[in-house]
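First comes the structure, then the notes that go with it.
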Amino acid sequence: MGVPEVIALLLVVEIVLSARLPLKSDVSFSENYYVRWANDHTRMLNGGTEMQLVLDKASGAGFGSRSKYLFGHVSMKIKLVPNDSAGTVTAFYMSSETDKHDEIDFEFLGNVSGQPYIVQTNAFANGVGNREQRHYLWFDPTQDFHSYSILWNKQQIVFYVDDVPLRVHKNNEAIGIPFPKSQPMGIYSSLWNGDDWATRGGLEKINWDHAPFVAAYKGFSVDACAGGVESCSAPMGKWWEQEAFQSIDQEAKGQLQWVKDNYMIYDYCNDSKRFPTISAECGQF
Ligand SMILES: *[C@@H]1O[C@H](CO)[C@@H](O)[C@H](O)[C@H]1NC(C)=O
Ligand SMILES: *[C@@H]1O[C@H](CO)[C@@H](O)[C@H](O)[C@H]1NC(C)=O
Ligand SMILES: *[C@@H]1O[C@H](CO)[C@@H](O)[C@H](O)[C@H]1NC(C)=O
């Protein structure tokens, strides 16, 4: 190959790579996060590049980001509570924590040993959520660390599990539906007792004989715009604003359909008992 061919090849490689989510290097927990409650129910490991939340009868625990962000790609590697995790809830979410808050949630509902976790996702705009979806996962989330990520820009919010899209929430302002795009959100995680509702609808209670329950975290770098509307709304050439990330591509659509066909167990768009009038956003995909 001559020089022009090599350059052409490099350009093609770059274009192909540009549609992928970039890899991030690891930083320690305290660079971007701090413990918000129950410091004595957390454990810092490996020089702060791993941390654990502990739930026992006395308390759960939670942490949050030092900054708030408006748009970006927010990711965490989590190894969920193993064995008997019935009644426990591990939440990983973004929230503006205002009166009419915006929020983007992953909630992992534990189960008795050998039975599947449920991942519940939701998105709030101006304090209104009611957009629950529930999925099983295609692996055991307690065996290894897996990445749970939120890609958030003005056009869409994509929930990823290991770079497989679990869910897409589109900006439907065009049909009058508010979309989170002006409130910066912090990044939070917590482990708590949700046994009044989490496992088999609250039938399965926490067995405290099996405490402490431990969820482990890695991957504390954040690839998002720290700041507010003034500093983050103008086009800045950030990768998540590029056209390739304003909608999902054909391959990702195929993966999303695969997830829906095989792992989705609840969809607010499909619940006409709860919502006699199904939201107009539901037909928009
Ligand atoms: C979970 O169960 C496995 C065997 O199934 C056992 O080896 C391990 O010690 C248990 N872990 C905890 C935290 O109880
Ligand atoms: C727990 O296991 C039961 C039985 O397999 C299943 O119906 C349920 O969806 C699982 N997950 C939760 C969080 O309840
Ligand atoms: C959608 O609703 C139908 C009818 O109630 C039900 O059989 C199906 O399981 C639902 N699917 C999801 C993903 O909620």
Side-chain angles (χ1 to χ4, degrees), residues 53-56 60 62 76 78-93 104-124 129-146 148 157-162 164-170 172 189-216 248 252-285:
L53 295 181
V54 178
L55 168 67
D56 61 21
M76 187 68 71
I78 310 176
K79 189 155 92 175
L80 293 168
V81 177
N83 298 340
D84 179 11
S85 59
T88 70
V89 177
T90 307
F92 171 56
Y93 62 103
I104 305 169
D105 299 317
F106 281 99
E107 286 184 314
F108 303 93
L109 316 184
N111 216 329
V112 294
S113 291
Q115 295 304 308
Y117 262 79
I118 286 175
V119 186
Q120 175 169 299
T121 53
N122 203 352
F124 288 69
N130 291 329
R131 295 189 171 91
E132 292 87 355
Q133 288 189 355
R134 288 182 162 202
H135 293 84
Y136 290 136
L137 291 165
W138 43 97
F139 53 84
D140 178 351
T142 71
Q143 289 296 304
D144 295 294
F145 286 91
H146 289 268
Y148 303 92
I157 293 164
V158 187
F159 297 74
Y160 286 97
V161 173
D162 290 333
V164 173
L166 183 76
R167 169 172 189 176
V168 177
H169 178 69
K170 287 211 158 284
N172 281 307
S189 189
S190 53
L191 172 60
W192 42 280
N193 174 2
D195 75 0
D196 54 337
W197 63 278
T199 308
R200 293 208 299 129
L203 292 177
E204 215 65 74
K205 299 299 174 191
I206 287 194
N207 183 343
W208 294 111
D209 290 345
H210 295 164
F213 303 98
V214 178
I248 59 168
K253 279 184 187 152
Q255 291 173 318
L256 189 65
Q257 191 62 46
W258 172 78
V259 168
K260 184 172 182 185
D261 292 345
N262 294 288
Y263 297 99
M264 185 187 258
I265 51 172
Y266 176 81
D267 185 0
Y268 72 108
C269 284
N270 190 37
D271 192 345
S272 51
K273 255 197 202 132
R274 194 171 148 214
F275 304 108
T277 310
I278 294 288
S279 169
E281 71 194 12
C282 290
Q284 295 294 313
F285 291 91

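Read the numbers this way: they start at 1 and go in the same order the structure lists the ligands and their atoms. If you're wondering where the values come from, they're calculated on a predicted model, not measured in any experiment. What you see below is based on every heavy atom in this structure, not just the backbone, and it leaves out hydrogens, waters and symmetry mates.
For the atom pair W208 CH2 and L55 CG, the distance stands at 4.5 Å (nearest 0.5 Å). For the atom pair CZ (F213) and CD1 (I206), the distance works out to 5.5 Å, reported to the nearest 0.5 Å.
The closest donor-acceptor contact from the side chain of D56 to the backbone of P212 lies at 3.5 Å or more, if one exists at all. Distance alone, capped at 3.5 Å, is enough to place a donor-acceptor pair between the S113 side chain and the D84 backbone. Listed for the D162 side chain is no donor-acceptor partner under 3.5 Å among the backbone atoms of V164. The main-chain N or O of A91 is never found under 3.5 Å from a side-chain atom of S190 such that the two would form a donor-acceptor pair. Formation of a donor-acceptor pair under 3.5 Å by the T90 side chain with backbone atoms of L191 is not found in this model. When atom types are taken as modelled, the side chain of D271 and the backbone of R274 share a donor-acceptor pair closer than 3.5 angstrom. The backbone N or O of A123 sits less than 3.5 Å from a side-chain atom of R131, completing a donor-acceptor pair.
Of all the atoms in ligand 2, the ones that sit under 4.0 Å from a non-hydrogen atom of G110 are 13 (C). Of all atoms in ligand 2, numbered sequentially from 1 with element shown, those under 4.0 Å from a heavy atom of Y136 are 6 (C), 7 (O), 8 (C), 9 (O). If you number the atoms of ligand 2 from 1 as listed, the ones under 4.0 Å from a heavy atom of A198 come out as 13 (C). Within the listing of ligand 2, atoms 9 (O), 11 (N), 12 (C), 13 (C) sit less than 4.0 angstrom from a heavy atom of I118. Using a 4.0 Å cut-off to heavy atoms of R200, the atoms of ligand 2 that qualify are 3 (C), 12 (C), 14 (O).
Residue contacts with ligand 2: Q115 is placed with a nitrogen or oxygen under 3.5 Å of a nitrogen or oxygen of the ligand (distance criterion only). Between Y117 and ligand 2, no pair of N/O atoms sits closer than 3.5 Å. An N or O contact shorter than 3.5 Å links P116 to ligand 2 by distance.
The proximity of L109 to ligand 2, defined as any non-hydrogen pair under 4.0 Å, involves the side chain as well as the backbone.
Ligand 2 has no atom lying under 4.0 Å from any heavy atom of G201.
Residues forming a salt bridge (charged side-chain N to carboxylate O under 4.0 Å, His left out) with E107 (at least two apart in sequence, or on another chain): none.
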For this session: Report the C-alpha distance between E281 and Y268 in whole Å, list the side-chain angles of each, state the deciding distance to 0.1 Å, and finish with yes or no for side-chain hydrogen bond (donor to acceptor under 3.5 Å, both in side chains).
Result: CA-CA 11 Å; E281 71 194 12; Y268 72 108; 2.8 Å; yes
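Residues with a heavy atom under 4.0 Å from ligand 3: M264, I265, Y266, D267, N270.
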